[in-house]
2 protein chains.
Amino acid sequence: MKQNGPIETGCMHCNVRLNSVFNVLDEEQTKELCAHKSCAVYKKGQYVFTENGLPAGLFCINSGKIKLTTTGYDGKEQILRLVKSGDIVGYRALLSNERYHCSAVTLEDASICIIDKKYFFDAIESSPKLMFEVVKKMSNDLKAADAHIVSLSQKNVRERMAEALLFLKATYGFESDNQTINVSLSREEIADYVGTSTESCIRLLSEFNNDQLISLKGKKISIVNLQKLIQTANIED
Amino acid sequence: MKQNGPIETGCMHCNVRLNSVFNVLDEEQTKELCAHKSCAVYKKGQYVFTENGLPAGLFCINSGKIKLTTTGYDGKEQILRLVKSGDIVGYRALLSNERYHCSAVTLEDASICIIDKKYFFDAIESSPKLMFEVVKKMSNDLKAADAHIVSLSQKNVRERMAEALLFLKATYGFESDNQTINVSLSREEIADYVGTSTESCIRLLSEFNNDQLISLKGKKISIVNLQKLIQTANIED
DNA sequence: GGCGTTATATGATATAAATCATATAATTTA
DNA sequence: TAAATTATATGATTTATATCATATAACGCC
């Protein structure tokens with residue numbers, strides 16, 4: 001349980017343009033931005049920020065994967081969102097001048113930079129384009145959260161589990177074999193996203209494995225029969 | 001099932017400052033805003049906008065109550081949010097230039113104005129203050145959606161039902177008797193928010209009634225024992 | 001490299017909540 | 001105002017899923 005802080009690194013290797021919302025900045029604005037951010041390397045399992053903390057700036061994921069979690073009742077963890085490289089995190093609390101309502105934890109070693117709060121506000125006030133990019137990001141998160149609500153409300157655990165696997169694939173894509181989902185989550189973490197018990201999660205993955213929908217190798221999950229998995233998830237369209 | 005459109009009215013009786021986000025505008029900006037909006041009266045049960053539709057502008061609730069719903073699986077309705085007078089609706093799709101992902105339906109007769117899309121974008125680009133107000137609104141909605149996710153994921157139906165009653169009270173307040181929740185929802189609508197069956201919803205309300213947590217009179221629900229209801233909801237702090 | 005700890009797996013059991021069924025009350029509308 | 005429809009109520013039954021229990025596998029550590 002050693003929890004050392006991130007290791008500060010220079011920004012020379014960090015291409016901030018990786019981060020989608022900053023695509024809209026021109027050469028000069030990007031240079032300016034780089035002068036107001038600092039990069040750091042995080043080890044797997046480290047906290048980027050924690051529930052109830054005050055935002056010091058905006059975090060950009062240069063590489064690595066992040067989970068946004070909140071502590072529910074009886075300390076049970078709930079995974080709210082999963083974040084990939086190129087994304088920003090912690091923008092909500094920052095923009096609305098609030099404390100974080102969830103924590104950000106690295107799922108693997110990650111390179112993350114933090115953009116100075118004051119500078120970020122200057123940047124979005126002077127660049128409506130950038131502001132709109134961030135707003136679009138929040139809009140997407142809200143739409144996804146609403147979809148999650150409908151799913152939790154109306155689908156059974158089996159359907160949600162299939163849906164979660166499709167979501168993981170949509171978020172992180174496949175590995176080079178074109179069928180292994182490119183993220184390693186524990187069964188408990190998957191359960192914490194799906195909203196079920198760890199046992200039920202394990203059991204359903206085993207079933208899907210037996211039914212040849214997926215194949216399992218440690219934490220790695222491969223989608224063997226996408227069509228059947230979509231059917232199991234009971235997705236419209 | 002007759003679904004007539006709203007009745008257009010003048011804006012002379014509509015105080016746009018009612019709408020919280022517009023508080024930040026000065027006298028002149030408000031005047032300008034009023035020149036670019038039009039008010040209308042909606043009857044109970046009418047659609048303000050519908051899922052998949054394209055936003056024509058921003059809606060402001062001058063009076064009345066609104067539910068934001070989305071159609072889930074097998075056509076089952078999910079209530080995502082409840083909106084009261086003074087609030088804006090439809091801002092998400094508008095800001096991110098998307099179609100609506102949910103519908104807005106009046107829960108009672110309502111007076112609602114629509115602010116022209118083009119003008120609204122001009123307004124937020126020229127007034128960062130206004131933009132931040134809207135962003136804060138979205139931030140709150142996202143935080144609330146996240147809380148809803150945790151609740152659906154981790155609480156049982158009884159706890160969620162108690163929580164829902166507290167949420168209704170927090171949103172719409174009490175009537176003059178200081179204990180009757182100031183909104184009329186059908187049992188089915190409450191179920192569609194809580195994420196349960198109508199029968200279970202009815203049953204639990206009956207139980208709460210028997211246990212003297214609430215009292216029922218038609219669609220009107222009064223909170224008789226707030227402390228016990230909070231306990232039943234299993235809320236932290 | 002063996003030992004303790006944690007993660008995964010699977011069976012057995014309990015139970016919350018959905019579903020089905022039927023009755024009554026409250027609205028709507030003819 | 002009566003008939004029809006819809007909403008509320010409550011009982012009986014089924015079922016999905018949590019919980020408890022135990023075993024094995026994988027992993028971190030001295």
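By convention in this document, chain letters (A, B, ...) are assigned in the order of the sequence lines, proteins followed by strands, and residues within each chain are numbered from 1.
Rounding to whole angstrom units, CG of residue D192(B) and P of dA18(C) are separated by 12 Å. The distance from atom CZ of R158(B) to atom P of dT15(C) is 15 Å, rounded to the nearest whole Å. Look at CG on N156(A): it is 14 Å from C1' on dT19(C), rounded to the nearest Å. In this structure, R160(A) atom CZ and dA16(D) atom C1' are separated by 11 Å, rounded to whole Å. Separating the CE atom of M161(B) from the C1' atom of dA16(C) is a distance of 14 Å, rounded to the nearest angstrom. To the nearest angstrom, P of dA16(C) lies 18 Å from CD of Q154(B).
Under the rule for a salt bridge (Lys or Arg N to Asp or Glu O under 4.0 Å), the partners of R158(B) that lie at least two apart in sequence or sit in another chain are E207(B). Residues passing the side chain to side chain donor-acceptor pair (under 3.5 Å) test with S151(B) are E163(B), sequence neighbours excluded. E199(A) meets the salt bridge (Lys or Arg N to Asp or Glu O under 4.0 Å) test with no other residue; sequence neighbours excluded. For R187(B), there are no side chain to side chain donor-acceptor pair (under 3.5 Å) partners two or more places apart in sequence or in a different chain. Scanning for side chain to side chain donor-acceptor pair (under 3.5 Å) contacts around E175(B) gives K220(B), with sequence neighbours left out.
If one axis is set at each end of the helix from dG1(C)-dC30(D) to dA30(C)-dT1(D) from five pairs, those axes are 50° apart, to 10°.
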Report summary line: A correct 5'-to-3' footprint of nucleotides 6-14 of chain C, with B, S and - meaning base, sugar-phosphate only and no protein heavy atom under 4.0 Å, is -SSBBBB--
Only pairs under 3.5 Å count here: list side-chain donor-acceptor contacts from residues 56-70 of chain A, not counting sequence neighbours, and write none if there are none.
from: S63(A); atom 1: OG; to: S111(A); atom 2: N; distance (Å): 3.4
from: K65(A); atom 1: NZ; to: E108(A); atom 2: OE1; distance (Å): 3.2
from: K65(A); atom 1: NZ; to: E108(A); atom 2: OE2; distance (Å): 3.3
from: K65(A); atom 1: NZ; to: N182(A); atom 2: O; distance (Å): 3.2
from: K67(A); atom 1: NZ; to: E77(A); atom 2: OE2; distance (Å): 3.1
from: K67(A); atom 1: NZ; to: E189(A); atom 2: OE2; distance (Å): 2.7
from: T70(A); atom 1: OG1; to: E51(A); atom 2: OE2; distance (Å): 3.2
from: T70(A); atom 1: OG1; to: H101(A); atom 2: O; distance (Å): 3.4

Tabulate below the donor-acceptor pairs under 3.5 Å that side-chain atoms of residues 221-228 of chain A make, not counting sequence neighbours, or state none.
from: S222(A); atom 1: OG; to: T180(A); atom 2: OG1; distance (Å): 2.7
from: N225(A); atom 1: OD1; to: Q227(A); atom 2: N; distance (Å): 3.4
from: N225(A); atom 1: OD1; to: K228(A); atom 2: N; distance (Å): 3.0

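Of the listed nucleotides (dT19(C), dT17(D), dA17(C)), dT19(C) has the atom at the smallest distance from the side chain of S197(B).
For R92(B) and E98(B), the salt-bridge test passes: some basic side-chain N is under 4.0 Å from an acidic carboxylate O.
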